[in-house]
Amino acid sequence: MTGIVIVGTQFGDEGKGRVVDFFASKSDLVIRFQGGNNAGHTVIVGEQEFKMHLLPSGVVQKKKSLIAAGVVIDPKVLLQEIEKITKTVGKPDLVIDPRAHIIMPYHIMLDEADELLRDNKIGTTKRGIGPCYAEKAYRSGIRVEDLVDETRLKKKLEEILPLKKKILENVYNYKNDLSVEKVFEEYAVLGEKLAPFVGDVSSIVNTALEEKKNVLFESAQGTFLDMDFGTYPFVTSSHPIAGAVCAGVGIGCSAVEKVVGIVKAYTTRVGSGILVSEIQGELADKIRAVGKEFGTTTGRPRRIGWLDLVLLRTAKRLNGLNEIIITKLDVLSGLEKVQVCTHYKLNGKKLEEVPALSSDLDKCKPVFKEFKGFEIKQNTKKYSDLPKNARNYLEFIEKELRVKISFVCIGAERKQVIKK
Ligand code: IMP
């Protein structure tokens with residue numbers, strides 16, 4: 001293997017962390033290329049549970065872990081994670097690109113203030129992600145390179161902060177005690193602590209690829225939270241699709257050898273926005289409880305839907321998926337019947353993929369195919385030992401998507417991964 005990208009094919013929370021952990025064992029480098037601490041990746045090793053928001057999941061495997069230019073970094077969160085992982089696993093072999101943007105306190109305040117004022121609420125994680133990416137595009141952001149240099153940090157804060165304070169107070173009526181002095185004092189210390197980790201990620205990854213090392217790119221969120229191809233405006237502010245790897249890391253497109261899509265055996269979504277295959281009531285509550293479908297970052301209950309092949313066919317196109325991995329199949333265990341959304345109906349027409357117009361998507365109705373339920377035994381080791389009904393379900397997905405399933409996860413533990 002050389003350049004492998006792991007992407008979420010739904011709305012995030014597909015269980016990418018545990019899959020990256022699995023792949024990381026065969027990798028030399030693991031790289032995060034977009035998003036920020038809106039993400040939450042959980043890896044379980046024996047009794048230990050690791051919850052990470054910013055550090056690449058590869059740190060658990062003690063692999064060289066890199067945070068690329070396309071990520072937005074809350075330095076307080078990152079330092080807390082570094083401290084925690086240092087205590088449990090050991091000091092991470094971490095490199096942070098100097099071009100990555102910093103989430104400042106005014107971004108977090110703006111995220112909260114904006115959500116409060118909006119009629120059409122996005123349901124953001126309120127971690128300052130949107131305002132930080134907006135500032136980057138507006139070309140007045142503070143980057144890692146500035147954070148670690150006191151003179152640059154002070155100058156940037158003097159330019160930017162008074163304006164942010166005015167916007168917060170006069171537009172949003174958001175009271176705050178921000179001042180250049182206070183923020184500088186706090187953030188200069190954070191910069192000093194992060195300085196030893198700063199390095200040119202683009203260069204390091206390119207060299208590793210030239211040397212034919214195994215490089216794993218770990219996306220955060222999922223395909224339908226993509227800023228362009230997701231369910232806009234109910235999306236995140238970055239590109240969780242595979243194509244973002246190149247721009248986010250600073251590598252050429254030819255570096256990507258394989259794209260692996262992570263598919264949860266059903267669908268979940270946090271925050272607002274359409275979920276065509278959504279289910280409500282007792283059944284949704286049951287799946288939510290068994291699947292522990294509560295946000296790793298915000299603790300919010302996730303909305304539940306049946307597996308949606310319309311989303312997955314579209315995800316295959318958007319990411320160029322070479323194979324898929326099914327996660328959390330065990331969560332469906334014990335249900336009498338399991339449904340799959342095979343296509344949508346729009347004004348009497350059958351749709352196989354997500355329509356380009358959001359106004360059309362809003363009118364789509366799901367069409368389901370029913371499958372007999374199955375019981376998954378926790379200690380199943382071989383694909384052929386899975387119940388026939390479970391195999392029927394999986395093979396239907398494979399046939400419909402025309403993509404190979406490489407692994408099936410039947411539990412949160414490292415050993416509960418079955419090769420297909
Ligand atoms: P933001 O990324 O905090 O701006 O939130 C925008 C939308 O993306 C909201 O609906 C969030 O719930 C959703 N979102 C952001 N990150 C994640 C994630 O890691 N998993 C699932 N949903 C997410």
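Ligands are counted one by one from 1 in listed order, and the atoms in each one are counted from 1 as well.
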Determine the minimum heavy-atom distance between Lys63 and Ser27, stating which atoms define it. NZ-O, 3.0 Å
Using a 4.0 Å cutoff against the non-hydrogen atoms of Arg300, which atoms of ligand 1 qualify? 11 (C), 12 (O)
Atom 2 (O) of ligand 1 has as its nearest protein heavy atom Thr236 OG1, 2.6 Å
Between ligand 1 and Gln221, can you find any atom pair, the residue atom being a heavy atom, that is separated by under 4.0 Å? yes
Starting from atom 20 (N) of ligand 1, what is the nearest protein heavy atom, named by residue and atom, and what distance separates them? Asp13 OD1, 3.2 Å
Looking only at heavy atoms of Arg302, does any of them come nearer than 4.0 Å to an atom of ligand 1? no
Sub-4.0 Å atoms of ligand 1 with respect to non-hydrogen atoms of Phe11: 21 (C), 22 (N)
Ion pair present between Glu293 and Arg302, side-chain N to carboxylate O less than 4.0 angstrom? yes
Answer yes or no: does an N/O atom from Ser237 fall short of 3.5 Å to an N/O atom of ligand 1? no
Could you check atom 3 (O) of ligand 1 against the protein and tell me its nearest heavy-atom contact, residue, atom and distance included? Thr125 OG1, 2.6 Å
Which label fits Phe22 and Phe407: parallel for a plane angle under 30°, tilted from 30 to 60°, or perpendicular past 60°? perpendicular
Report the nearest protein non-hydrogen atom to atom 6 (C) of ligand 1: residue, atom name, distance rounded to 0.1 Å. Val235 O, 3.3 Å
Examine the side chains of Thr298 and Arg300 and answer whether a donor and an acceptor come within less than 3.5 Å of each other. yes
For Val270, atoms of ligand 1 separated by under 4.0 Å from a heavy atom: 10 (O), 12 (O), 21 (C), 22 (N)
Could you tell me whether Glu169 and Lys165 have a side-chain N and a carboxylate O separated by less than 4.0 Å? yes
Whether the Asn38 and Thr236 side chains hold a donor-acceptor pair (N or O, under 3.5 Å, no angle test) is what I'd like checked. yes
With a 4.0 Å cut-off on heavy atoms, is Gly123 touching ligand 1? yes
Out of curiosity, Gln416 CD to Ile376 CD1, how far, rounded to the nearest 0.5 Å? 11.0 Å
Using only heavy-atom distances, determine whether the side chains of Thr268 and Asp13 contain a donor-acceptor pair under 3.5 Å. no
Check the orientation of Phe217 and Phe33. Use parallel for under 30°, tilted for 30 to 60°, and perpendicular for over 60°. perpendicular
So is Thr298 touching ligand 1 or not, going by heavy atoms under 4.0 Å? no
Measure the distance from atom 22 (N) of ligand 1 to every protein heavy atom, then report the residue, atom name and distance (to 0.1 Å) of the closest one. Leu225 CD1, 3.5 Å
What protein heavy atom sits nearest atom 5 (O) of ligand 1, and how far away is it? Thr124 CA, 3.4 Å
